[in-house]
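What you see is a predicted model; the values in this text were computed from it and never measured. One-based numbering along the sequence shown.
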Amino acid sequence: MKRATLEKMPDEVAAMFDQVSSKYDLTNFVLTFGLIDVWRVATREAIAPRPGMSILDIAAGTGASSATYAKMGADVVASDFSEGMMEAGRKRRPHLNFVQADAMDLPFEDNTFDVTTISYGLRNVQDPDKALREMYRVTKPGGKIVVTEFSRPTFTPFRRLYRFYLGEVLPLMSFLVSSDAVAYDYLVESILSWPAQEEFATRIQQAGWRQVEYRNLSNGIVALHRATKPLA
């Protein structure tokens with residue numbers, strides 16, 4: 001079984017997600033005890049899709065989130081660099097526009113989208129800062145970025161419990177429900193190595209974005225970051 005390392009070589013990460021694509025949505029639901037749907041609602045509210053809005057959903061996977069934006073009338077491009085994930089998405093959601101894309105080298109013109117978003121995917125990119133700059137490039141002036149990503153629980157006793165879950169419980173659960181439990185070892189490593197909320201907010205600002213803010217979800221298990229591309 002192929003699994004990625006924290007070097008995050010794009011071909012390895014893509015191959016790993018190819019392997020887990022068949023049960024990816026189910027596994028996410030089980031491993032988060034259904035909270036993935038709660039976090040999706042928060043992300044959707046931050047994006048506020050509406051008819052005529054152009055949205056680029058990076059690391060869209062099978063398009064579960066993209067489909068809700070499209071249902072609200074937005075013009076959505078669901079992009080991912082895993083062909084396996086997109087193949088599964090096309091079967092389940094044939095109405096969506098899937099485009100294979102590397103977050104570090106997006107195949108779109110400058111100033112194309114009203115909103116550029118990525119959920120639980122930026123930590124899998126080899127150079128997240130380059131991806132943030134690419135997202136900035138393809139977003140229209142005055143448009144916004146929305147990044148939802150696993151983060152650091154803010155309450156210390158809960159943080160210890162969460163680390164126990166990641167280290168001991170999640171591997172067992174992924175073995176029971178996933179098509180490739182080994183890949184979820186990488187999931188734990190990537191979550192624990194990801195920067196905390198304030199540090200990541202600073203990196204968004206350094207990529208050129210302004211009005212950077214974040215909101216903790218589920219006591220900081222996940223953080224939802226938002227920012228705006230300046231008009232000039």
Check: Does one hydrophobic cluster hold both Met104 and Val77, with members joined at side-chain heavy-atom distances below 4.5 Å?
Finding: yes
Check: Where does the angle between the aromatic ring planes of Phe200 and Trp194 fall among parallel (under 30°), tilted (30 to 60°) and perpendicular (over 60°)?
Finding: tilted
Checklist line | Heavy-atom side-chain contact between Ile55 and Thr117 under 4.5 Å | finding: yes
Notebook entry, point to check: Should we say atom CZ of Arg210 is surrounded by more than 12 heavy atoms from elsewhere, each under 6.0 Å from it?
Noted result: yes
Checklist line | Donor-acceptor contact present, side-chain Trp39 to main-chain Ser218, <3.5 Å | finding: no
Item checked: pair Tyr120-Glu149: side-chain heavy atoms closer than 4.5 Å -> yes
Pairs of donor and acceptor atoms involving the side chains of residues 93-100, under 3.5 Å and at least two apart or interchain, shall be tabulated with distances.
| residue | atom | partner | partner atom | Å |
| --- | --- | --- | --- | --- |
| Arg93 | NH1 | Thr62 | O | 2.7 |
| Arg93 | NH1 | Thr62 | OG1 | 3.2 |
| Gln100 | NE2 | Phe81 | O | 3.3 |

Check: Under 3.5 Å, is there a donor-acceptor pair between the side chain of Lys130 and the main chain of Asp105?
Finding: no
Notebook entry, point to check: Is the shortest heavy-atom distance from the side chain of Leu192 to the side chain of Leu166 under 4.5 Å?
Noted result: yes
Notebook entry, point to check: Which pair of non-hydrogen atoms, one from Gly121 and one from Ala59, has the smallest distance, and what is that distance?
Noted result: CA-CB, 3.9 Å
Next item on the list: Given side chain to side chain contact (heavy atoms under 4.5 Å, CB included), test Glu83 with Met86 step by step and report yes or no.
Entry: CA-CA 5 Å; Glu83 182 57 42; Met86 290 191 298; 3.4 Å; yes
Notebook entry, point to check: Taking C-beta and beyond as the side chain, do Leu35 and Val222 meet within less than 4.5 Å on heavy atoms?
Noted result: no
Item checked: Interatomic spacing from CG in Asn219 to OH in Tyr162 - rounded to 0.5 Å -> 11.0 Å
Check: Pro230 and Tyr136: which non-hydrogen atoms are nearest, and at how many Å?
Finding: CD-OH, 3.6 Å
Margin query: Between Arg226 (side chain only) and Glu213 (backbone N and O only), is there a donor and an acceptor less than 3.5 Å apart?
Written below: no
Notebook entry, point to check: Leu56 versus Ser79: any side-chain heavy-atom pair under 4.5 Å?
Noted result: yes
Notebook entry, point to check: OH/Tyr186 to CD1/Ile191 distance, rounded to the nearest 0.5 angstrom?
Noted result: 10.0 Å
Margin query: Tell me the closest heavy-atom pair linking Ala78 and Ala60, and the distance in Å.
Written below: CB-CB, 3.8 Å
Checklist line | Separation of Asp11 CG from Gln126 CD (nearest 0.5 Å) | finding: 9.0 Å
Next item on the list: Check salt bridge (charged side-chain N to carboxylate O under 4.0 Å, His left out) between Arg152 and all other residues, then give those that pass, not counting sequence neighbours.
Entry: none
Checklist line | Approximate separation, where rounding is to 0.5 Å, of Ile58 CD1 and Thr116 OG1 | finding: 6.0 Å
Margin query: Using the rule that Ile, Leu, Val, Met, Phe, Trp and Tyr join whenever any side-chain heavy atoms are under 4.5 Å apart, tell me whether Val41 and Leu224 fall into a single cluster.
Written below: no
Next item on the list: Determine yes or no for a side-chain-to-main-chain donor-acceptor pair under 3.5 angstrom, with Arg133 supplying the side chain and Gly208 the backbone.
Entry: no
Checklist line | Test item: Arg215 side-chain N/O and Ala42 main-chain N/O as donor-acceptor pair under 3.5 Å | finding: no
Notebook entry, point to check: Does the side chain of Leu122 reach to within under 4.5 Å of the side chain of Leu132, using non-hydrogen atoms?
Noted result: yes
Next item on the list: Working to the nearest 0.5 Å, report the span between NZ of Lys71 and CZ of Arg44.
Entry: 9.0 Å
Next item on the list: Determine, stepwise, if the pair Asp18 / Ser82 fulfils side-chain hydrogen bond (donor to acceptor under 3.5 Å, both in side chains).
Entry: CA-CA 6 Å; Asp18 287 346; Ser82 165; 2.6 Å; yes
Checklist line | Audit row: Arg40, Thr43, side-chain hydrogen bond (donor to acceptor under 3.5 Å, both in side chains) steps and yes/no | finding: CA-CA 5 Å; Arg40 257 190 210 122; Thr43 302; over 6 Å; no
Next item on the list: If the plane angle is over 60° it's perpendicular, under 30° parallel, otherwise tilted; pick one for Phe33 and Tyr165.
Entry: tilted
Check: Between Thr154 and Gln197, what is the shortest heavy-atom contact and its length?
Finding: CG2-NE2, 4.2 Å
Next item on the list: Treat each ILVMFWY residue as a node, draw an edge where side-chain heavy atoms are under 4.5 Å apart, and state whether Val146 and Val76 are in one component.
Entry: yes
Check: If we only count heavy atoms from C-beta on, is the Lys229 to Ile145 side-chain gap below 4.5 Å?
Finding: no
Notebook entry, point to check: Is there side-chain contact between Pro153 and Phe155, with heavy atoms separated by less than 4.5 Å?
Noted result: no
Notebook entry, point to check: How long is the gap from CZ on Arg159 to CG on Leu161, to the nearest 0.5 Å?
Noted result: 12.0 Å
Item checked: Check: Asp114 side chain, Gly143 main-chain N or O, donor-acceptor pair, under 3.5 Å -> no
Item checked: Carboxylate-amine/guanidinium proximity below 4.0 Å for Glu87 and Arg90 -> no
Note to self: Run Trp209 and Met135 through side chain to side chain contact (heavy atoms under 4.5 Å, CB included) and show every step you take.
What the structure shows: CA-CA 10 Å; Trp209 299 92; Met135 295 172 76; 4.2 Å; yes
Check: Minimum heavy-atom separation for Pro49 to Met72, with atom names?
Finding: O-CE, 3.8 Å
Notebook entry, point to check: Has Arg92 got more than 12 heavy atoms of other residues, nucleotides or ligands less than 6.0 Å from its CZ?
Noted result: yes
Note to self: Assigning hydrophobic clusters by single linkage (Ile, Leu, Val, Met, Phe, Trp, Tyr; side-chain heavy-atom cutoff under 4.5 Å), is Met85 placed with Leu106?
What the structure shows: no
Next item on the list: Could you state whether Ile118 and Phe150 fall into the same hydrophobic cluster, counting links through intermediate Ile, Leu, Val, Met, Phe, Trp or Tyr residues with side-chain heavy atoms under 4.5 angstrom apart?
Entry: no
Checklist line | Over all atoms of both residues, closest heavy-atom pair of Lys144 and Thr139 | finding: N-CG2, 3.8 Å
